[in-house]
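So that the names make sense, note that chain A is the first sequence line, chain B the second, and so on, each numbered from 1. Computation of the quantities below employed the complete heavy-atom set of this structure, encompassing side-chain atoms and omitting hydrogens, waters and symmetry-equivalent molecules.
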Amino acid sequence: MCGRFAQFADPGTLADHFGVETTAVGARPRYNVAPTQPMIAVRLVDDQQHRELVQLRWGLVPFWSKGPDNRYSMINARAETVASKPAYRAAFAQRRCLIPADAFYEWQAGKDGKQPYAIRRKDQAPFAMAGLWEHWQGNDGSVIDSCTIIVTEANALLRPIHERPLRP
DNA sequence: CCAGACGTTGTT
DNA sequence: GTCTGG
DNA sequence: CCAGACGTTGTT
DNA sequence: GTCTGG
């Protein structure tokens, strides 16, 4: 669940909405954020007291990784296992964040193909998804700040559109 | 012990 | 069918 | 998540 | 870095 979403609220609106003081981020409206692309997150600054808007790569790159590896999908983390999975454990303990969104997309499978839906609030206000972020530094000094979105079972509203698969 | 994975979804 | 790139 | 590629050689 | 499978 949640492989695409929209972020088109302007940083000022997000700042009001999520209690952020720093808004210095080069954000433009995004109606279709895809995995590996940069997106906006809300996270604590180092003092752990204030929040900032920050640009992160969608698709968490573990700090111990040799680099981004698209063979593994780190765009979502299951809520039931996020505390113990090697790729997420450290971030879960230390580096949680909010992913502001105006809508997220789900595709309903039908016999004539797939029908996309945009899911958003009735009042169209931005909302937050739960996320984790990670800091990665390569041997050449390059740096990637990345994130993942935590997912759970579909609720009654979403179930007719799309259910998260069961896992052994 | 070392080598290799480290994740999720969809589809059959 | 399955992987990669976005 | 979807869309698009999926291969190798030789030449510029 | 840390766990799992062999």
Inset, instruction - Determine, for A:Phe92 and A:Arg96, whether the Lys NZ or Arg CZ falls below 6.0 Å from the six-membered ring centre while staying within 45 degrees of the axis. - result: yes

Euclidean distance for [atom1], [N] against [M] (whole angstrom):
N     : M      : atom1 : answer
D:dG7 : C:dT4  : P     : 10 Å
B:dC6 : D:dG4  : C1'   : 27 Å
D:dA3 : B:dG10 : P     : 14 Å

Give [X] one of three labels, base, sugar-phosphate or nothing, depending on what nucleic acid heavy atoms sit under 4.0 Å from its own.
X       : result
A:Ala77 : sugar-phosphate
A:Arg71 : base
A:Tyr88 : sugar-phosphate
A:Phe5  : nothing
A:Pro62 : nothing
A:Ala87 : sugar-phosphate

In the structure I gave you, are the side-chain heavy atoms of [X] and [Y] within less than 4.5 Å of one another anywhere?
X        : Y        : answer
A:Met39  : A:Leu56  : yes
A:His135 : A:Val143 : yes
A:Thr36  : A:Pro68  : no
A:His162 : A:Ile119 : no

Legend entry - Outermost DNA chain D nucleotides near chain A [under 4.0 Å, heavy atoms]: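 For DNA chain D, the relevant span reads D:dC1 to D:dC2.
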
Inset, instruction - Could you verify whether a donor N or O on one side chain and an acceptor N or O on the other, from A:Asp16 and A:Thr13, lie under 3.5 Å apart? - result: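 Absent: no donor and acceptor within the cut-off.
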
Inset, instruction - Both distances under 3.5 Å, Watson-Crick or G-U wobble: report the partner of B:dT8, or none. - result: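 Paired with B:dT8, as far as the under-3.5 Å criterion goes, is no nucleotide at all.
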
Legend entry - Residue matched to D:dA3 through Watson-Crick or wobble contacts both under 3.5 angstrom: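 Here D:dA3 is engaged in a pair, and the nucleotide opposite it is C:dT4.
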
Legend entry - Exam field: side chain A:Gln7 to backbone A:Pro29, donor-acceptor pair closer than 3.5 Å: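 Pair absent, no side-chain N/O of A:Gln7 close to backbone of A:Pro29.
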
Inset, instruction - Return yes if some donor-acceptor pair links the side-chain N/O of A:Ser146 with the main-chain N/O of A:Trp58 below 3.5 Å, else return no. - result: no

Legend entry - chain A footprint on DNA chain C, 5' to 3' - any atom under 4.0 Å from a heavy atom: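 So the contact region on DNA chain C extends C:dT4 to C:dG6.
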
Legend entry - CZ (A:Arg78) with more than 12 external heavy atoms under 6.0 Å: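 More than 12 within 6.0 Å, yes.
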
